[in-house]
Every structure is written in structure tokens, then in C-alpha cells.
Amino acid sequence: MKISQMIQVALLFSITIYVNAEQALSHVAVVQLKSTDVGDFEKMKSLVIQAKNEGAELVIFPESSVFGWLNPDVFTKAEPIPGAFSDQFAEIAVSENIWIAAGLAEKGPKAGAGALPNAYYAYDSGILINPQGELVIHHRKNNVLKNAFNPEDCKRILNQEQCNYSEGPISDVSTVQTPFGKTALLVCADAYIPSEYNPGTAIKALKTLEPEFVIVPWGIAAGNESDCGKAGFNAADYASQAAVFLSSANVVGANGLGTRDYGKYLPSLYCGTSGYAGPTGKAVEIENPTAALTVFNIPVKFTAESGPIWNNAVDAPKKCPPTCDKFSSTWDGQWWTTVMGEMSVCECTLGVN
């Protein structure tokens, strides 16, 4: 048999087994909460109900979904976790029998000398709650932007010339087993990959844990609406970068919508553009970048390029297992050719058997 004929036979066989493959899915809703709706638990509950009716098993809210990011009220009104605000998310999770993830400010240590009597420092935190109302993940953001609050508010409330959210401990980076796989949660900039401007401490710590499913409450904003969706202002793109760096997980997150009225760096507009990405970095962005709610069906299987595969009996078993292993995943026995004689892909399942 000629090489060209062998390729055609292999291609036909691989397509056949691909069509018969079962694709396990996670049904995840991203809520692009408007800045004017932060802290409105009735509104958030209505969005959870809508998501549940559309088949969602998990609903993700953005960063700072209770007060809004850099709102100085967090220094006097934030609650502990567990506490009043996380309890309201838990009540919704129980009433709708659904998983909920959200970003919210958390009451920290008592503020120092000269601060208002009711002033406390605050963490920029994230939570994951199961359908029984149990707090499964509690993460305090480590990579906080320094001196980002309005200095006048810092002086008035904390008696400080400048202030920021308190830095969460790196020990908060952890994983738990959920129906979505080995799961972690990072808050916004904690999911940024290492760069000249960011040490990437949190995501580097998470990489060593080989997560399979990573939730990110985002707070991606731009100074001008025209920049939204471009590099640096696209939540789905940040998910893709994180997924490539981790190389073991689906990364999915929700970003906000509307103007941000607090902090030093104004004007500021939340860009939406939520989405998810698989371990190879292939991103799926929300179809309407400013939609309030979208449910994604996220597969546990993905494909990875392996170069040309010539046959099912010898070449595929040789090339596909190490290809999937690069992504801490398992080859499921399926492959197919994408470019005749040049490129094939192996189908991988997240997690190692």
C-alpha cells in the first residue's frame, strides 16, 4: 500500500472513532454583573435562577461583586468570610441547588492608629460554595495592585496617605475535588502569568498542584470602551494565557460590565469578554461580549497536536500518550489527521488515570 493510501485509511479510521466518542461536559454560567448591580442579591439570585433554567451546574460572578472594586466602603462595611455576604451567596446556592463562585471584599485586621473606630483592612477575596451551602474554597487575592484606592479615602478612613487591599497568603492557593475535576479559584490578577511586571506568585504555586478546573472572578477594565476586547483588555484572552501556563486545566471566569467609579485610575470601564480556555490555550469567548449571562458547555476532553500520525496500531500509541502527558492528561485512544501527511491531533482527557 502506498503512503498516501495509508494516510487516507488512517484518516477515515480516526474520524470514525472520533464521531463515536463521548464528550463529558461541565455546564458553567458566567455572569457579567453590571457595576450598578453589585451587592444586589435579588438581582444576582434572579441571574442564578436563569442560569439554572439554562442548564448551568455552576454560576460564576466577577471580582468584587458586593461593593465594587476599590470602593472605600470595604474598609468599614466588609464582613468576614464566612459572614453575612458569603452567607447570602450560600443561601442562593442552597435554594437553587447549584454551585456558586464569586469575588467579594473580606473584612481583615483592625486598622491602625488614627483610623476611624470602625475601620478594618480588607482582602480582595473569592469563594466557591457547593449546592449544600458549604464554603468549599476561600481564596484571598495575593497579587494586589499597590496604592490603588483614592488617597483622600485612605486618609479619611485609615489615616494613611495611600492604601490597597491586604495581600492574601500564598497558602490560600489550593485545590479541592468537585464534579468539575480537581478545582481551584484565583481572583483576577492572581491568574496573570509571570511577566516583567508581575511575579506570578499565585499561578506558579497553583501550577505545582496540577489543577483540572480553575475558576477566576475577573475585574478586567479599560480606560476607553474602544480598547475592550483588545490585548490586555480581554478576559477570555487572560484565561487562555493562564491555561497555557498551567497546561493541565480548563480555566473559566466571569468579568463585569459598566463603569468603575472608585479608585485612582479613572475613567475605567469593565470590558465583559468572559470565556474559557482549555489546556492548549484555545479560547472560547462569550458570543456577545456585553451579555449579562452565558452558559458554556466545557468539555473534559480536548485535542493536542502531535505531528503526523501514520497508523492506529503502532504510531498513535507511540505518539499520543506523551502528547497528552504534556498537559497532565490521559490519551483516550482517539486521534485524527488535520493536515494530510503533516499534522494529527490526539484526543486527551483531563487528569491522569
Side-chain angles (χ1 to χ4, degrees), residues 28-38 60-65 68-71 101 103 124 126 141 143-149 164-165 185-204 206 214-247 249-296 298 302:
V28 180
V30 295
V31 172
Q32 299 196 138
L33 192 67
K34 293 180 180 179
S35 56
T36 52
D37 290 332
V38 297
I60 305 174
F61 288 93
E63 181 182 27
S64 299
S65 287
W69 196 57
L70 299 179
N71 184 342
D124 187 2
K141 187 178 180 181
N143 184 24
V144 298
L145 183 63
K146 301 298 184 182
N147 304 321
F149 282 87
N164 44 259
Y165 290 100
L185 183 149
L186 298 175
V187 177
C188 198
D190 274 355
Y192 291 175
I193 63 173
S195 69
E196 179 183 355
Y197 307 103
N198 168 38
T201 307
I203 198 168
K204 285 193 291 188
L206 181 58
V214 179
I215 299 164
V216 188
W218 294 111
I220 308 299
N224 299 290
E225 186 174 2
S226 60
D227 288 329
C228 285
K230 297 178 181 178
F233 307 103
N234 186 302
D237 184 55
Y238 277 112
S240 174
Q241 294 177 39
V244 169
F245 181 81
L246 293 169
S247 72
N250 283 316
V251 178
V252 55
N255 194 28
L257 294 172
T259 59
R260 173 171 60 81
D261 299 323
Y262 311 108
K264 289 169 59 176
Y265 308 108
L266 300 175
S268 182
L269 175 78
Y270 290 110
C271 287
T273 65
S274 302
Y276 76 91
T280 63
K282 183 179 179 181
V284 178
E285 185 177 328
I286 193 168
E287 185 174 347
N288 176 357
T290 60
L293 172 72
T294 293
V295 177
F296 289 111
I298 304 177
F302 64 96

Completion exercise
In terms of heavy-atom contacts, Cys188 and Gly219 come closest through SG-N, 3.3 Å
Problem - Result of checking Leu246, Val251, Asn198 against Ile203 for side-chain contact (heavy atoms from CB on, under 4.5 Å) - result: Leu246
Handout entry: Closest non-hydrogen atom pair, Gly272 against Leu257
Key = CA-CD2, 3.7 Å
Handout entry: Test item: Lys204 and Phe245 side chains (from C-beta on) under 4.5 Å apart, heavy atoms
Key = yes
Practice task
Without swapping roles, check the side chain of Asn164 against the backbone of Asn147 for a donor-acceptor pair under 3.5 Å.
Solution key: yes
Handout entry: Closest non-hydrogen atom pair between Asn255 and Ile220, with its separation
Key = OD1-N, 2.8 Å
Problem - Student check: side-chain heavy atoms of Leu185 and Pro217 closer than 4.5 Å - result: yes
Practice task
Could you go through the side-chain contact (heavy atoms from CB on, under 4.5 Å) check for Leu145 and Trp69 one step at a time?
Solution key: CA-CA 11 Å; Leu145 183 63; Trp69 196 57; 3.9 Å; yes
Problem - With Ser64, the side-chain contact (heavy atoms from CB on, under 4.5 Å) member among Asp124, Leu70, Val38 - result: Asp124
Handout entry: Atom of Pro289, atom of Gln32 and distance for their closest heavy-atom approach
Key = O-NE2, 3.0 Å
Problem - Heavy-atom side-chain contact between Tyr265 and Arg260 under 4.5 Å - result: yes
Exercise for the section: Evaluate ring-ring contact (aromatic ring centres under 6.0 Å, His included) for Tyr262 paired with Phe149, printing each intermediate quantity in order. Expected result: CA-CA 7 Å; Tyr262 311 108; Phe149 282 87; 9.1 Å; no
Handout entry: Glu285 side chain to Thr273 backbone, donor-acceptor under 3.5 Å
Key = no
Exercise for the section: Measure across Gly278 and Ala243 and return the closest heavy-atom pair with its distance rounded to 0.1 Å. Expected result: O-CB, 3.1 Å
Completion exercise
The reported gap from OG1 in Thr294 to CD1 in Ile286 (rounded to nearest 0.5 angstrom) is 3.0 Å
Exercise for the section: Measure the spacing between CZ of Phe302 and NZ of Lys282 and express it to the nearest 0.5 Å. Expected result: 12.5 Å
Completion exercise
side chain to side chain donor-acceptor pair (under 3.5 Å) pairs touching residues 214-231, sequence neighbours excluded, are none
Problem - Sub-4.5 Å side-chain heavy-atom contact between Thr259 and Asp261 - result: yes
Handout entry: Listed partners of Thr290 passing side chain to side chain donor-acceptor pair (under 3.5 Å), at least two apart
Key = Asn288
Problem - Lys264 atom NZ, over 12 foreign heavy atoms within 6.0 Å - result: yes
Problem - Distance-minimising heavy-atom pair for Ala249 and Val214 - result: CB-CG2, 3.9 Å
Handout entry: Partner of Tyr238 by ring pair (Phe, Tyr, Trp, His ring centres under 6.0 Å), out of Tyr192, Tyr276, Phe233
Key = Tyr192
